[in-house]
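Below is one structure, written out as structure tokens; the observations come after it.
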Amino acid sequence: MFIVIRLSGRYILSMSTTPDPSAHTGFVRTRFAPSPTGMLHIGGVRTALFSWLIAKQTGGKFVLRIEDTDRARYDADAEASIMESLRWLGIDWDEGPDIGGPYAPYTQSERLDLYQEATKKLLESGHAYEDDTTPEELGELRVAQQAAGKPPGYDNRGRYKTKDEIDASRAAGKPIVVRFKIPDLGKLKFDDAVLGEVEFDLSLLQDFVIMKSDGFPTYHLAHIVDDHQMQISHVVRAPEWIPSTPRHILIHRALDWELPVYVHVPLILGKDKSKLSKRHGAASAIEYRDQGILPEAIFNFLALLGWSPGDDTEVMNREEIVERFSIDRVLKSPSVFDNEKLVWMNGVHIRQMSAENLLERVAPVLERPESEGGLPDSVSRPVDRKFLLRLLPLVHERLKTLNEATDALSFFFMEEVHPDVEALPGRKSDPETAANSLEASLEILKTSEPFEPEHLEAEFRALAEKLGLKPGPLFTPVRVAVTGSSMAPPLFDTIAAIGRDRVVSRVENAIQLLKG
RNA sequence: GGCCCCUUCGUCUAGUGGCCCAGGACGUGGCCCUCUCAAGGCCAAAACAGGGGUUCGACUCCCCUAGGGGCUACCA
């Protein structure tokens, strides 16, 4: 019964839609509209990212709106935490609850009059009706339907109630909701920017609640009123909204509002291919930050989940992604979040940054309390930036996360280290040889002048030859003695950076350990 | 159960009827480099879910099956 025509890349219901001139600016406006119910999930971040990209790429506007119509799940800290996540990632908004904008307020609980107005319109035009069916009655209905082997769902009983009945219920204090009446119009088709054409059978839908008994609208009504009033051109959202899109289109039609372009982005799955959730480990954006992942790495990685630029390019910065992104290349299929590839990409981004930039990122990590992954508490804060800048080239290409900097650098800052006696000789030597090597090394370390990498290395290589040893068996005990670990940056740069006094005393300690 | 969406190496993906006995990346294995660890270089194993069509020719188009996921609330 619907006549569907294609108009500027989207299908609209020609029977009922008269484009609202004020809503037709031709300007791209997208939004991210999270519910403040907890931490911003990585899947939500990806949705926000795609939405943001679509706006930024065309020079459009990106709006942040808080959808807090669910009082039961409301979390007072969530809004700030969501904004913190987005800011950290560089997903900034042109209008939002904190900065306002031409369509303020941007928080749904402050916009109730708009929803009431729309509800009134729908009631008056006969597209909606009041219903006094209680949650208990709905429960009974469900049980009966299941017992009869029928699909559960509201039976539209409210359609046949009289105004007197509703008034009586209201007077009796029964909860009243407003339901939208599903028209008997056969099939409904819509065009999604990523899915293409999708068709639904309206006869399978039941009349649904648009206004709850507490006076708050449901998502279905609220987001439409907001998106219309805020002149949102592209509704970018998660795929769980696909099945309810027909309802949304029906509301637009009843209100005589123009449809936005629907962009349902694919789901992100966990390693086990189920919807990403808490049990898949770090799932919130903030947790990745706390793990030492760079925002540019997450940004890059997430952009590549469900989208690719079309060639083999993978490592991109913000600007390149904004420039190359296109809805046309967004995939329909869900993708698994591969943490290992994220960590690899994080390493790539770390290697690409300047030492000065890395310094800014690493210093706060090192300065955290020891219990939170920082340097040992015995090391005084703030750390010496100049010294740190000298050290960074030694570990720069070895870091895959910022947090690894602590282990990679702590021995440079500590007074003494505590090597494992077993580890001192290394795999290819023995304690006696190691002790002798260290004794011999001590002479060089005490006297070598200048105390610089190149000179030290030349002396040590000469020593190895003199002792009839390969470099490994000589260098390893020294490395373990000086750094406390068998894995470390290039030995002579390390020795020079730590300084003669501490190096000599560490080697002496190691000799004592081997003899004791 | 019903409805909707999805299906190329383990994972992210390229591929829009012949360029593909399927390309890149992560991961894995090997080799090289090398004072350890990295980084880097080279090489290798690894996929078109299955079955029918359409076509001179299908990863690409159609149908069916299977599998996965989502939705089915006075939650979003």
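Residue numbering restarts at 1 for every chain, and letters A, B, ... go by the order of the sequence lines.
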Rounded C1' spacing from G24(B) to C3(B) in Å: 38 Å
Val336(A) side-chain proximity, nearest of C4(B), G69(B), U11(B): U11(B)
Nearest-Å distance once atom P is located in both G40(B) and G52(B): 46 Å
Separation of C12(B) P from Asn300(A) CG (nearest whole Å): 17 Å
d(NE2, His396(A); P, A39(B)) in whole Å: 13 Å
Residues Arg170(A), Glu130(A): salt bridge by 4.0 Å N-O rule: yes
Charged tip of Arg159(A) within 45° of Tyr129(A) ring normal and under 6.0 Å: no
By ring-ring contact (aromatic ring centres under 6.0 Å, His included) - contacts of Phe208(A) (at least two apart): Phe180(A), His220(A)
Paired nucleotide for C3(B) [Watson-Crick or G-U wobble; both distances under 3.5 Å]: G70(B)
Whole-angstrom distance between A45(B) and C6(B), as gauged at atom P: 34 Å
N or O in side chain of Thr37(A) less than 4.0 angstrom from A76(B) OP1/OP2: no
Set of residues satisfying side chain to side chain contact (heavy atoms under 4.5 Å, CB included) with respect to Pro425(A), sequence neighbours excluded: Ser429(A), Pro431(A), Ala434(A)
Side chain to side chain contact (heavy atoms under 4.5 Å, CB included) involving Glu240(A) - partner list, sequence neighbours excluded: Ala238(A), Leu267(A), Lys275(A)
Pair Glu459(A)-Ser448(A), side-chain donor/acceptor within less than 3.5 Å: yes
Residues in side chain to side chain contact (heavy atoms under 4.5 Å, CB included) contact with Asp430(A), at least two apart in sequence or another chain: Glu432(A), Thr433(A)
Atom P, compared across C26(B) and A49(B): separation rounded to whole Å: 24 Å
Separation of atom CH2 in Trp307(A) from atom P in G15(B), rounded to whole Å: 12 Å
C1' gap between C74(B) and G68(B), integer Å: 32 Å
d(CG, Leu195(A); C1', G70(B)) in whole Å: 12 Å
Validation row: Phe460(A), Leu445(A) side chains within 4.5 angstrom (heavy atoms): yes
Side-chain ion pair, Glu137(A) and Arg142(A), N-O less than 4.0 Å: no
Side chain to side chain contact (heavy atoms under 4.5 Å, CB included) involving Glu140(A) - partner list, sequence neighbours excluded: none
Phosphate contact (C74(B) OP1 or OP2) by Arg179(A) side-chain N/O below 4.0 Å: yes
Sugar-phosphate only, base, or nothing, as touched by Ser35(A) at under 4.0 Å among non-hydrogen atoms: sugar-phosphate
Pairing partner of C37(B) (Watson-Crick or G-U wobble, both distances under 3.5 Å): none
Under the ring-ring contact (aromatic ring centres under 6.0 Å, His included) test, residues paired with Trp241(A) that sit two or more places apart: Tyr219(A)
Position toward the 5' end of RNA chain B (nearest nucleotide), Glu397(A) or Leu305(A): Leu305(A)
Donor-acceptor pair present, Ser333(A) side chain and C6(B) base, under 3.5 Å: no
Separation between the C1' atoms of C20(B) and C48(B), rounded to whole Å: 10 Å
Same-atom distance (P) from G70(B) to A38(B), integer angstrom: 38 Å
Identified pairing partner of A25(B), criterion: Watson-Crick or G-U wobble below 3.5 Å: U11(B)
Touch class at under 4.0 angstrom, heavy-atom based, for Phe200(A) against every strand present: sugar-phosphate
Which nucleotide in G1(B), A39(B), C4(B) has an atom nearest any side-chain atom of Arg351(A): A39(B)
Below 4.0 Å: OP1/OP2 of G15(B) and any side-chain N or O of Arg329(A): yes
Over-ring placement of Arg157(A) relative to Tyr160(A), 6.0 Å and 45° cut-offs: no
Whole-Å distance separating the CD atom of Gln206(A) from the C1' atom of C3(B): 11 Å
Ile242(A) CD1 - C4(B) P separation (whole Å): 12 Å
Distance below 4.0 Å between Lys332(A) side-chain N/O and U7(B) OP1 or OP2: no
Pairing nucleotide - C42(B), Watson-Crick or G-U, each distance under 3.5 Å: G30(B)
Residues forming a side-chain hydrogen bond (donor to acceptor under 3.5 Å, both in side chains) with Glu457(A), sequence neighbours excluded: Arg461(A)
Pairwise 5' ranking along RNA chain B for Val209(A) and Gly310(A), keeping only the more 5' one: Gly310(A)
Sub-3.5 Å pairs of nitrogen or oxygen atoms, protein against nucleotides 24-27 of chain B:
| unit_1 | atom_1 | unit_2 | atom_2 | d |
| --- | --- | --- | --- | --- |
| G24(B) | N2 | Glu314(A) | OE2 | 3.4 |
| A25(B) | O4' | Glu314(A) | OE1 | 3.1 |
| A25(B) | O2' | Glu314(A) | OE1 | 2.4 |
| A25(B) | O2' | Lys341(A) | NZ | 3.4 |
| A25(B) | N3 | Lys341(A) | NZ | 3.1 |
| C26(B) | O2' | Lys341(A) | N | 3.4 |

Between the protein and nucleotides 30-35 of chain B, are there any N/O to N/O pairs under 3.5 Å, and if so, what are the atom names and distances?
| unit_1 | atom_1 | unit_2 | atom_2 | d |
| --- | --- | --- | --- | --- |
| C35(B) | OP1 | Arg461(A) | NH1 | 3.4 |
| C35(B) | OP1 | Arg461(A) | NH2 | 2.5 |
| C35(B) | O2 | Arg479(A) | NH2 | 2.1 |
| C35(B) | N3 | Leu491(A) | N | 3.3 |

Which side-chain N or O atoms in residues 144-152 of chain A pair as donor and acceptor under 3.5 Å with protein atoms at least two apart or in another chain?
| unit_1 | atom_1 | unit_2 | atom_2 | d |
| --- | --- | --- | --- | --- |
| Gln145(A) | OE1 | Gly153(A) | N | 3.0 |
| Gln145(A) | NE2 | Gly153(A) | O | 2.7 |

Nearest-angstrom distance from the residue atom CZ of Phe208(A) to P of C71(B): 17 Å
Under 4.0 angstrom between Thr69(A) side-chain N/O and A76(B) OP1 or OP2: yes
Near-strand residues of residues 137-145 of chain A, defined as heavy-atom separation under 4.0 angstrom from RNA chain B: Leu138(A), Arg142(A)
Value in whole Å for how far the P atom of C3(B) lies from CH2 of Trp241(A): 22 Å
Residues which pass side-chain hydrogen bond (donor to acceptor under 3.5 Å, both in side chains) with Trp93(A), listed by chain and number, not counting sequence neighbours: Asp98(A)
Any Arg247(A) side-chain nitrogen or oxygen under 4.0 Å from OP1 or OP2 of C71(B): no
Between G10(B) and G50(B) - P atom distance, rounded Å: 13 Å
